[in-house]
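Everything on this sheet refers to the single structure shown next.
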Amino acid sequence: MSKPVDSQPRPVRVRFAPSPTGYLHVGGARTALYNFLFARHHKGTFVLRIEDTDQARSTEESLKMVLEDLRWLGIQWDEGPDSQTRQDHGPFGPYRQSQRLEIYKKHAQTLLRTGRAYYCFLTDEELEAQRAKATAENRQPHVVSPYADWTLAQAQEKIDSGGKAVVRFKTKGLEKDYTFRDLIRGEITFPSDMVGDFVLLRSDGMPVYNFCCAVDDAEMRISHVFRAEEHLSNTLRQLMIYEGLGYSPPEFGHLSLVLDEDRQKLSKRKGATSCHEFMREGYHPEALKNFITLLGWSHPEGKEIFTETEAVQCFDGTRLNPAGAVFDGTKLKWMNAQWLRSLSDEDLIRLANKFNPGWFKGVQNPERFAAYLKNYLETLNDIPELLEIFNTEGFSVTPEARTFLDTHPCKPVIAAWISALSDPSVGDFLTVEKFTAIQELIKNQTGVKGKPLFLSLRIAILGKTEGADLKMIIGLFSVQSLLRRAQALGL
RNA sequence: GUCCCCAUCGUCUAGAGGCCUAGGACAUUGCCUUUUCAAGGCAGUAACCGGGGUUCGAAUCCCCGUGGGGACGCCA
């Protein structure tokens, strides 16, 4: 085992390295979050690096979306592109791989010079033929390049005469096994012949993921790498690159995958999987964060609902679960409701207004609706429907309610209700006390009590036989609108 | 196919050899509360993938199976 022993403690520097190819995925959000939490816990630095070497798929628009999603979640980075201007800040820039090409080239040269890499002129067809043959013969489909032992001069000559070359890492002559201690999985050993000579630089000079990743993590002094399990086997290549370059590797921690209901890797094809969708559906960012944190990590005290600050306090890189976690939207919804309910009236309305300024437009003192909303809310998107009961123009009577009206002694109750509301002394809005007194009055006047009394009033107010506690909402209706509703019953 | 990783209620998980008659949360069922619906409270159903070891003792350690996932790209 040749891994250089690096005993001096390094300052904690972690990174999240998304490739900007769409909205931030919940899996990516979790990776970002864990790194962020870990950095904060250790008072370290959280770096955002953009892996945009795949020019075909990476777009500036996507980068903008990813940055926005991270910001929405409140995951802040210390180095990387600014969330607004997208200009790099930090001492280890640039932070976009597409702007670090010279750095990769330089490192590739080093590897070339020291004989740990070589120019390879194999064409796609030759590669394909090799692969097919290997598969047919039941061998590992590794590249066997006839150019592996060419001298640089030989290669240069061919390049000068127009030869297209990739730079491949030479795996020949490496040790048999590579072992490292994964922060989450413990000791892991890969046989070095698990991989063939892999590409470092494409023929157009663009570097390939494993190469930039290793180079950047080393150059940016990254101390700990928490990333998804799908990268586990990439670690071997990266270890080889570290070794070839004489760097000591960071600590690695491979996170379990986030899975869908069918225990498949969460894919964009099935349901909501991007943070952006949850934002649009009216989730509180803190709730989503809380939920995602628990997808593969557990609070030492078993807490389920906790703030980011609390999470930072205990997130030290332990308690991470190596097994895959199914994303349960139902539990997320529950958690969101918990968070929304715990908000102060002012905060809830502020959040709702930020989410959709139209809902409370022209409504005076919208906080008075908060108590009622909190009782029924799961996501912010539920608000318009919950508010709909206050829309007097839309007042209508359900068939069940109509049947009840027709089959019970409701008429005198409604008449008494209308007459009570018509009394000028009731004011513009009813208080709970006033409402209770009126109920009492109606009971005495009409002799109707119990269900027919209460349900009649409920129908006169809501047009339905079910719904929110009348005492909770009665003060939210103007007496005028109550009157209009009662009259609309047509009794 | 080869290599690597993983495996506790339906789901998220606790559990680092005896505290496990396996705990909590979501979901689900019932009851209470509320003259409605929710919310809330209480109670219930529900799991250590299988087989071998090691040990006085195994959910926990080891091996073998099985199942799932990942990687084997000029994707990341």
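Each chain gets a letter, A, B and so on, in the order the sequences are listed, and its residues count up from 1. What you are looking at is a predicted structure, and each value in this text was computed from that prediction instead of being measured.
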For [N], take OP1 and OP2 only and decide whether either is under 4.0 Å from a side-chain N or O of [X].
X        : N     : value
A:Arg319 : B:G15 : yes
A:Gln338 : B:G40 : yes
A:Thr53  : B:A76 : yes
A:Ser298 : B:A14 : yes
A:Asn321 : B:A14 : yes
A:Arg263 : B:C12 : yes

Name the closest nucleotide to the [X] side chain, picking from [options].
X        : options            : value
A:Asp328 : B:G1, B:C6, B:G10  : B:G10
A:Ile188 : B:C4, B:C3, B:C74  : B:C4
A:Val208 : B:C12, B:C74, B:A7 : B:C74

Inspect the surroundings of NZ in A:Lys411 and state if more than 12 heavy atoms from other residues, nucleotides or ligands are less than 6.0 Å away.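 Not buried by this count: 12 neighbours or fewer within 6.0 Å.
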Looking at every strand, decide which applies to A:His231 at a 4.0 Å heavy-atom threshold: base, sugar-phosphate, or nothing.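 Base, at least one base heavy atom under 4.0 Å.
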Looking at [N], does its base get a donor-acceptor pair with the side chain of [X] below 3.5 Å?
X        : N     : value
A:Asn234 : B:A76 : yes
A:Thr330 : B:C26 : no
A:Lys374 : B:A39 : no
A:Glu304 : B:G24 : yes

With a 4.0 Å cut-off on N to O distance, would you call [X] and [Y] a salt bridge?
X        : Y        : result
A:Arg96  : A:Glu60  : yes
A:Lys176 : A:Asp193 : no
A:Arg49  : A:Glu51  : yes

Looking at B:U66, which nucleotide sits across from it as a Watson-Crick or G-U wobble partner, both distances under 3.5 angstrom, or is there none?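 The answer is B:A7, by the H-bond criterion.
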Complementary nucleotide for B:G30 - Watson-Crick or wobble, under 3.5 Å: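 Checking every strand shown, B:G30 finds its partner in B:C42, with both distances under 3.5 Å.
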First of A:Leu320 and A:Glu229 reached from the 5' end of RNA chain B, by closest nucleotide: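 Result: A:Glu229.
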Take atom [atom1] of [X] and atom [atom2] of [N], then tell me their distance rounded to the nearest Å.
X        : N     : atom1 : atom2 : result
A:Phe291 : B:C26 : CZ    : P     : 13 Å
A:Arg131 : B:C72 : CZ    : C1'   : 10 Å
A:Leu455 : B:U34 : CG    : C1'   : 14 Å
A:Glu385 : B:C37 : CD    : P     : 18 Å
A:Arg237 : B:A76 : CZ    : P     : 12 Å
A:Trp297 : B:A14 : CH2   : P     : 11 Å
A:Leu232 : B:U2  : CG    : P     : 19 Å
A:His25  : B:A76 : NE2   : C1'   : 13 Å

Lys NZ or Arg CZ of A:Arg237 over A:Phe198 ring: under 6.0 Å, within 45°: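 Satisfied, under 6.0 Å and within 45°.
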Compute both the distance and the angle, then confirm whether A:Lys331 meets the cation-pi test with A:Phe291: under 6.0 Å from the six-membered ring centre, within 45 degrees of the axis.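 Judged by the rule (NZ or CZ under 6.0 Å from the ring centre, within 45° of its axis), A:Lys331 is not positioned above A:Phe291.
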Answer yes if the side chains of [X] and [Y] hold a donor-acceptor pair under 3.5 Å, and no otherwise.
X        : Y        : value
A:Tyr209 : A:Asn234 : no
A:His254 : A:Arg185 : no
A:Thr307 : A:Glu310 : yes

List, with names and distances, any nitrogen or oxygen atoms from the protein found under 3.5 Å away from nitrogen or oxygen atoms belonging to nucleotides 28-32 of chain B.
none

